[in-house]
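In what follows, residues are counted from 1 in the order of the sequence shown.
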Amino acid sequence: MAKPTPKMGSRKNGRIGSRKHARKIPKGVIHVQASFNNTIVTVTDVRGRVISWSSAGTCGFKGTRRGTPFAAQTAAANAILTVADQGMQRAEVMIKGPGLGRDAALRAIRRSGILLKFIRDVTPMPHNGCRSPKKRRV
């Protein structure tokens, strides 16, 4: 019995995400999520499709060093390096979270040479939502 040939769009032949040439992306959005334990930098196009991402963990930092400002700076520089090659000139920055890497990541983005349209803090704030857990007694 003959083997069924896989369709062009199927995942079996492994050609879903491969491209022969990189797209030119003039404008994008840089999302920085800074928690106390890690900093994740994601670069998307205007429609929200991820182009590049990096985190302090993928840059080689382990354990408590992932939450440091230097790790956040390295992660931001890593993520922006790939999109700068694809021709990104303008970007909007969305910063989320209370971590130490917020300012360091923003400094690395500014230093990269990409023009920033605006910087927005999108940290979720409760409007007196759920009751917070009781305080620790040590």
Side-chain angles (χ1 to χ4, degrees):
M1 190 163 156
K3 289 183 185 176
T5 57
K7 289 180 265 173
M8 271 315 277
S10 73
R11 293 189 184 273
K12 287 182 182 174
N13 56 5
R15 294 183 53 157
I16 281 287
S18 62
R19 280 208 168 86
K20 287 184 182 175
H21 56 86
R23 287 178 292 172
K24 292 289 181 192
I25 299 137
K27 203 161 85 172
V29 184
I30 302 170
H31 300 270
V32 179
Q33 185 188 2
S35 68
F36 291 117
N37 296 323
N38 202 355
T39 303
I40 302 169
V41 181
T42 309
V43 183
T44 65
D45 60 2
V46 182
R47 289 177 58 188
R49 295 178 296 193
V50 175
I51 301 161
S52 169
W53 69 275
S54 181
S55 71
T58 57
C59 291
F61 295 94
K62 298 289 176 201
T64 55
R65 292 190 201 91
R66 286 188 306 181
T68 60
F70 178 69
Q73 180 181 332
T74 310
N78 234 4
I80 290 172
L81 194 67
T82 56
V83 294
D85 296 339
Q86 294 180 8
M88 184 178 284
Q89 293 135 3
R90 282 191 215 94
E92 305 164 357
V93 180
M94 311 277 200
I95 300 177
K96 183 191 282 188
L100 295 171
R102 294 167 54 106
D103 301 327
L106 185 60
R107 244 179 268 125
I109 293 167
R110 280 237 172 103
R111 219 178 293 134
S112 68
I114 293 176
L115 296 172
L116 301 182
K117 191 173 179 182
F118 62 79
I119 301 162
R120 184 176 291 164
D121 187 9
V122 290
T123 305
M125 292 296 233
H127 301 289
N128 283 347
C130 301
R131 183 174 178 157
S132 57
K134 64 181 182 181
K135 300 293 180 203
R136 283 184 61 202
R137 290 188 292 231
V138 181

**Student:** Listed by chain and number, what are the side-chain hydrogen bond (donor to acceptor under 3.5 Å, both in side chains) partners of N78, not counting sequence neighbours?
**Tutor:**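 side-chain hydrogen bond (donor to acceptor under 3.5 Å, both in side chains) list for N78, sorted by chain: empty.
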**Student:** Taking only residues two or more places apart in sequence, or in another chain, which ones meet F70 in a ring pair (Phe, Tyr, Trp, His ring centres under 6.0 Å)?
**Tutor:** F61
**Student:** How many angstroms lie between atom OG1 of T64 and atom CG of N38, to the nearest 0.5 angstrom?
**Tutor:** 12.0 Å
**Student:** Would you mind listing the cluster partners of I51? Hydrophobic ones only (ILVMFWY), side-chain contacts under 4.5 Å, chaining allowed.
**Tutor:** I25, I30, V32, V41, V43, I80, V83, M88, V93, I95, L106, I109, I114, L116, I119
**Student:** Using side-chain contact (heavy atoms from CB on, under 4.5 Å) as the criterion, list what pairs up with V46, not counting sequence neighbours.
**Tutor:**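 With neighbours one apart ignored, the set is K27.
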**Student:** Output all residues satisfying side-chain contact (heavy atoms from CB on, under 4.5 Å) with Q89, sequence neighbours left out; order by chain, then residue number.
**Tutor:** P26
**Student:** Counting only pairs under 3.5 Å, give me each side-chain donor-acceptor contact of residues 123-138, with atom names and distances, residues two or more places apart or in other chains.
**Tutor:**
{"unit_1": "T123", "atom_1": "OG1", "unit_2": "G97", "atom_2": "N", "d": "3.1"}
{"unit_1": "T123", "atom_1": "OG1", "unit_2": "D121", "atom_2": "OD1", "d": "2.7"}

**Student:** Got a second to check how far R120's CZ is from K96's NZ, nearest 0.5 Å?
**Tutor:** 13.0 Å
**Student:** Kindly write out the residues that satisfy side-chain hydrogen bond (donor to acceptor under 3.5 Å, both in side chains) with S35, not counting sequence neighbours, or none if the list is empty.
**Tutor:** none
**Student:** State the CD1-NE2 distance between I40 and H31, to the nearest 0.5 angstrom.
**Tutor:** 12.5 Å
**Student:** Any salt bridge (charged side-chain N to carboxylate O under 4.0 Å, His left out) pairs touching residues 58-69, not counting sequence neighbours?
**Tutor:**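 Residue pairs passing salt bridge (charged side-chain N to carboxylate O under 4.0 Å, His left out), neighbours aside: none found.
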**Student:** Test of understanding: with side-chain contact (heavy atoms from CB on, under 4.5 Å), list the residues that count as partners of L100, not counting sequence neighbours.
**Tutor:** P69
**Student:** What closest approach, in Å, do A108 and A77 show between heavy atoms, and which atom pair accounts for it?
**Tutor:**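 Closest heavy-atom pair between A108 and A77: CB-N, 4.4 Å.
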**Student:** side-chain contact (heavy atoms from CB on, under 4.5 Å) with T58: which residues, sequence neighbours excluded?
**Tutor:**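 With sequence neighbours excluded, T58 shows a side-chain contact (heavy atoms from CB on, under 4.5 Å) to W53, S54, S55, given in chain and number order.
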**Student:** Using the ring pair (Phe, Tyr, Trp, His ring centres under 6.0 Å) rule, collect all pairs that involve residues 84-114, keeping only residues at least two apart or in two chains.
**Tutor:** none
**Student:** Search all heavy atoms of A71 against all heavy atoms of A56 and return the closest pair with its distance.
**Tutor:**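 That would be CB-CB, 3.7 Å.
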